[in-house]
*Asks:* 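Dropping a structure here in structure tokens format, bear with me for questions.
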Amino acid sequence: MDDSKYEIDIDKLTFEMTKKLKFYLSKLVEHNGSDLHIKSGSNIRGRVNGRIVSMSKEILSHSDSLILAKELLRTRFQELVRAKNLDFTFKLNDNYRFRVNIFFQVDGISAVFRTIPTSLPTIESLELPNILHTFCSLPRGLVLVTGPTGSGKTTTLAAMINSINKEFPKHIITIEDPVEFVYKDDKSIINQRAIGQDAISFSDSLRAALREDPDVILVGEMRDLETIETAMHAAETGHLVLSTLHTVDAKETVGRILGMFPGSEQNRIKMSLSSTLQGIVSQRLVRTIGGNRTAAVEILVKNNRIENLILEGRDAEITDAIKEGKDIYKCQTFDQSLLDLYAAGKISEEEALQNATSRNDLSMDIDYCNADVAHRQRSQNDSNVNIDKDIIGLKKKT
């Protein structure tokens, strides 16, 4: 193998490829795109409103992709050669930063740039349920934000940290890979640590955080058994712990955590999880009628029934418990969230059914919703007719 192509002389870099990259990143931002895809041997593409679109006819050569990688990474380029993939952030301007994963593939080098707006999101701007403010005010416990890749988990966590920072005098420690949203101290003190740059691993930095007088700990992702156990210990010892899992809903989240522990540990973990878990926010991005995307959100709020279901290993019943507790506990299933979005005129019936957990059940709920709307419309029309008759009668008497 010719290793010379992996050598780097920073003084010889012209940064012409970086200029091209900035052009396409600006173009992505202009179209409200979420991701830019750069691949050796292919043209540049972006993800706009959830769909991959072509942004250039020009094919990126193998050598150009290497040059771009060297320009972006400079002295860290050899780290990429050794590890074969690397996470970092790239600043386009004062308004936009990008989370980047650059990696080797069979045709050369590829990279994906995920948009990170500099302006911090709020719970209101994301149109998330108000119960998230309640989660932010908790003195202790475990709150998880879950969903597939690209569903907005990091953005939701950023809105929650932003809310805590504005409202409470806390010490917040974030452990991220990499750091995406950057916070300025408001009422809270916020220390942000990036894996690789400021910390060795999630589990190691989480253990260290317990000695750093935190009130709130954000763990970017609970990737392994040790991190999950340490996070639950932190929640048990009087800290509010926020983190993410790649699970589709609340029921699967509980099952995934319990399933990671051996059988001999099950009783202990069930007791720990049932006492520490305060809420689960599960997200799916759905397409709006206007062509944008919004979050359909399932919310689990801890109550006695949820606690008992976890203790007894009856996680299959969690979805029903969430559905039946909507009015009392302000929780909701995905299908209830989709129905609300449909009733508000934000998404189409087809989009709602396409993303439903139970398509048949949601279809019936939508039929009831449509019938109720039609009934209210007829009642309104009848009322208007009666008003018109009364006016006519009054005029005749006059």
Side-chain angles (χ1 to χ4, degrees), residues 123 130-146 153 156-176 183 185-193 195 198-245 250 253-254 256-258 260-261 265-281 299-311 329-331:
I123 292 171
N130 283 330
I131 191 68
L132 267 70
H133 283 294
T134 303
F135 291 155
C136 292
S137 66
L138 292 170
R140 66 187 66 84
L142 180 65
V143 176
L144 300 174
V145 179
T146 81
K153 298 185 295 295
T156 294
L157 282 176
M160 295 177 73
I161 293 294
N162 190 23
S163 177
I164 296 171
N165 187 30
K166 288 181 177 180
E167 295 180 31
F168 304 105
K170 304 278 189 178
H171 178 206
I172 303 169
I173 296 176
T174 77
I175 306 163
E176 304 168 76
Y183 309 94
D185 294 353
D186 192 339
K187 288 188 176 179
S188 294
I189 305 169
I190 305 181
N191 283 299
Q192 296 183 256
R193 305 187 68 195
I195 299 299
D198 310 306
I200 297 171
S201 66
F202 280 114
S203 57
D204 178 74
S205 49
L206 182 51
R207 284 195 304 273
L210 295 178
R211 301 188 295 273
E212 294 160 1
D213 188 35
D215 297 295
V216 180
I217 305 172
L218 183 151
V219 184
E221 185 180 346
M222 298 205 301
R223 293 178 177 173
D224 53 60
L225 186 65
E226 186 178 6
T227 303
I228 291 174
E229 187 153 25
T230 308
M232 286 198 292
H233 173 69
E236 285 176 326
T237 53
H239 307 89
L240 176 60
V241 180
L242 310 177
S243 191
T244 71
L245 275 175
T253 300
V254 172
R256 174 75 60 82
I257 293 173
L258 296 177
M260 291 186 72
F261 291 85
E265 294 286 305
Q266 284 295 300
N267 287 337
R268 179 180 70 85
I269 293 304
K270 285 175 184 175
M271 289 182 64
S272 178
L273 184 62
S274 65
S275 65
T276 60
L277 183 65
Q278 297 297 320
I280 299 175
V281 181
I299 303 285
L300 176 148
V301 181
K302 179 182 177 178
N303 54 57
N304 289 336
R305 182 179 177 186
I306 294 292
E307 188 171 350
N308 288 332
L309 290 177
I310 296 173
L311 270 173
Y329 300 108
K330 308 304 179 185
C331 49

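Here the structure is a predicted model, which is why all the values come from computation and not from measurement.
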*Asks:* Measure the NE2-OG distance between His133 and Ser163 for me, rounded to the nearest 0.5 Å.
*Replies:*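 Taking NE2 in His133 and OG in Ser163, the distance rounds to 5.0 Å.
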
*Asks:* How long is the straight-line distance from CG of Leu242 back to CD1 of Ile164, given to the nearest 0.5 Å?
*Replies:*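 It comes to 5.5 Å.
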
*Asks:* Do the non-hydrogen side-chain atoms of His239 and Leu210 ever get within less than 4.5 Å of each other?
*Replies:*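 A side-chain contact under 4.5 Å exists here.
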
*Asks:* Given Leu240 and Lys170, is the side chain to side chain contact (heavy atoms under 4.5 Å, CB included) satisfied, shown in steps?
*Replies:* CA-CA 11 Å; Leu240 176 60; Lys170 304 278 189 178; over 6 Å; no

*Asks:* Can you list everything that forms a salt bridge (Lys or Arg N to Asp or Glu O under 4.0 Å) with Arg207? Sequence neighbours excluded, please.
*Replies:*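 Partners of Arg207 by the salt bridge (Lys or Arg N to Asp or Glu O under 4.0 Å) criterion, ordered by chain and then number, come out as Asp204, Glu226.
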
*Asks:* Which residue is it: Ile123, Val281, Val301? I am looking for the one with a side-chain contact (heavy atoms from CB on, under 4.5 Å) to Ile131.
*Replies:*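 When Ile123, Val281, Val301 are each tested with Ile131, the side-chain contact (heavy atoms from CB on, under 4.5 Å) holds only for Val301.
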
*Asks:* Looking at every heavy atom in both Val145 and Lys153, which two are closest together, and how far apart are they?
*Replies:*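 Result for this residue pair: O-CD, 3.7 Å.
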
*Asks:* Hey, what do you get for CD1 (Ile228) to CE (Met222), rounding to the nearest 0.5 Å?
*Replies:*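 The CD1 atom of Ile228 sits 5.0 Å away from the CE atom of Met222.
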
*Asks:* Sequence neighbours left out, what passes side-chain contact (heavy atoms from CB on, under 4.5 Å) with Lys166? Give chain and number order.
*Replies:*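 Listed in chain order: Thr122, Asn162, Asp186.
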
*Asks:* So does Met271 have more than 12 non-hydrogen atoms from other groups sitting under 6.0 Å from CE?
*Replies:*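 For Met271, atom CE is not crowded (no more than 12 foreign heavy atoms under 6.0 Å).
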
*Asks:* Identify, with sequence neighbours excluded, every residue that meets salt bridge (Lys or Arg N to Asp or Glu O under 4.0 Å) alongside Arg268.
*Replies:*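 Scan of Arg268 (salt bridge (Lys or Arg N to Asp or Glu O under 4.0 Å), adjacent residues dropped) gives Glu229, Glu265.
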
*Asks:* For Ser205, what residues pass the side-chain contact (heavy atoms from CB on, under 4.5 Å) criterion, not counting sequence neighbours?
*Replies:*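 Counting only residues at least two positions away or on another chain, Ser205 forms a side-chain contact (heavy atoms from CB on, under 4.5 Å) with Ile175, Arg193, Ile195, Ala199.
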
*Asks:* Report the residues that fulfil side-chain contact (heavy atoms from CB on, under 4.5 Å) with Ser274, sequence neighbours left out, ordered by chain and then residue number.
*Replies:*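 With neighbours one apart ignored, the set is Glu307, Ile310, Leu311.
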
*Asks:* For atom CG of Asn304, is the number of surrounding heavy atoms from other residues, nucleotides or ligands below 6.0 Å larger than 12?
*Replies:*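 Open: at most 12 neighbouring heavy atoms sit under 6.0 Å from CG of Asn304.
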
*Asks:* Decide side chain to side chain contact (heavy atoms under 4.5 Å, CB included) for Thr156 and Leu132; before the verdict, give the C-alpha distance in whole Å, the side-chain angles of both, and the deciding distance to 0.1 Å.
*Replies:* CA-CA 9 Å; Thr156 294; Leu132 267 70; 3.8 Å; yes

*Asks:* Taking all atoms of both residues into account, what is the closest heavy-atom pair of Leu142 and Leu144, and its distance?
*Replies:*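 The pair with the smallest heavy-atom distance is CD1-CD2, 3.9 Å.
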
*Asks:* Work out which heavy atom in Ala235 is nearest to a heavy atom in Val241; give both atom names and the distance.
*Replies:*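 Shortest heavy-atom separation between Ala235 and Val241 comes out as N-CG2, 3.8 Å.
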
*Asks:* Do Thr227 and Ser203 make a side-chain contact, defined as non-hydrogen atoms from C-beta onward lying under 4.5 Å apart?
*Replies:*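 In contact.
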
*Asks:* Distance from Leu300 atom CG to Thr253 atom OG1, nearest 0.5 Å?
*Replies:*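 If I round to the nearest 0.5 Å, the distance is 9.0 Å.
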
*Asks:* In Å and rounded to the nearest 0.5 Å, what is the CD to OG1 distance from Gln278 to Thr134?
*Replies:*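 The OG1 atom of Thr134 is 11.5 Å from CD of Gln278, to the nearest 0.5 Å.
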
*Asks:* Could you check if a side-chain atom of Met232 sits within less than 4.5 angstrom of a side-chain atom of Leu273, using non-hydrogen atoms only?
*Replies:*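 Counting from C-beta outward, Met232 and Leu273 do come under 4.5 Å.
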
*Asks:* Please list all pairs meeting side chain to side chain donor-acceptor pair (under 3.5 Å) that have one or both residues in residues 208-218, counting only residues at least two apart or in different chains.
*Replies:*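 Counting only pairs at least two positions apart or across chains, no side chain to side chain donor-acceptor pair (under 3.5 Å) contact touches residues 208-218.
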
*Asks:* Does NE2 in His233 sit with more than 12 non-hydrogen atoms of other residues, nucleotides or ligands closer than 6.0 Å?
*Replies:*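 Counting other residues, nucleotides and ligands, NE2 of His233 stays at 12 neighbours or fewer.
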
*Asks:* Applying side-chain contact (heavy atoms from CB on, under 4.5 Å) between Tyr183 and each of Asn191, Ile172, Ile190, report the one that passes.
*Replies:*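 Passing option: Ile190.
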
*Asks:* Considering only heavy atoms from C-beta outward, does the side chain of Ile280 approach that of Leu245 to under 4.5 Å?
*Replies:*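 They are not in contact (no side-chain heavy atoms under 4.5 Å apart), so the answer is no.
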
*Asks:* Are there more than 12 heavy atoms of other residues, nucleotides or ligands under 6.0 Å from atom CG of Asp224?
*Replies:*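 Enclosed.
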
*Asks:* Within the side chain of Ser243, is there an N or O that forms a donor-acceptor pair under 3.5 Å with the backbone of Val219?
*Replies:*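 Yes; at least one donor-acceptor contact below 3.5 Å.
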
*Asks:* Between Lys270 (side chain only) and Leu309 (backbone N and O only), is there a donor and an acceptor less than 3.5 Å apart?
*Replies:*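 Pair absent, no side-chain N/O of Lys270 close to backbone of Leu309.
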
*Asks:* Taking all atoms of both residues into account, what is the closest heavy-atom pair of Val143 and Met160, and its distance?
*Replies:*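 It is CG1-CE, 4.1 Å.
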
*Asks:* What are the two closest heavy atoms between Ile217 and Ala209, and how far apart are they?
*Replies:*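 Shortest heavy-atom separation between Ile217 and Ala209 comes out as CD1-CB, 4.2 Å.
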
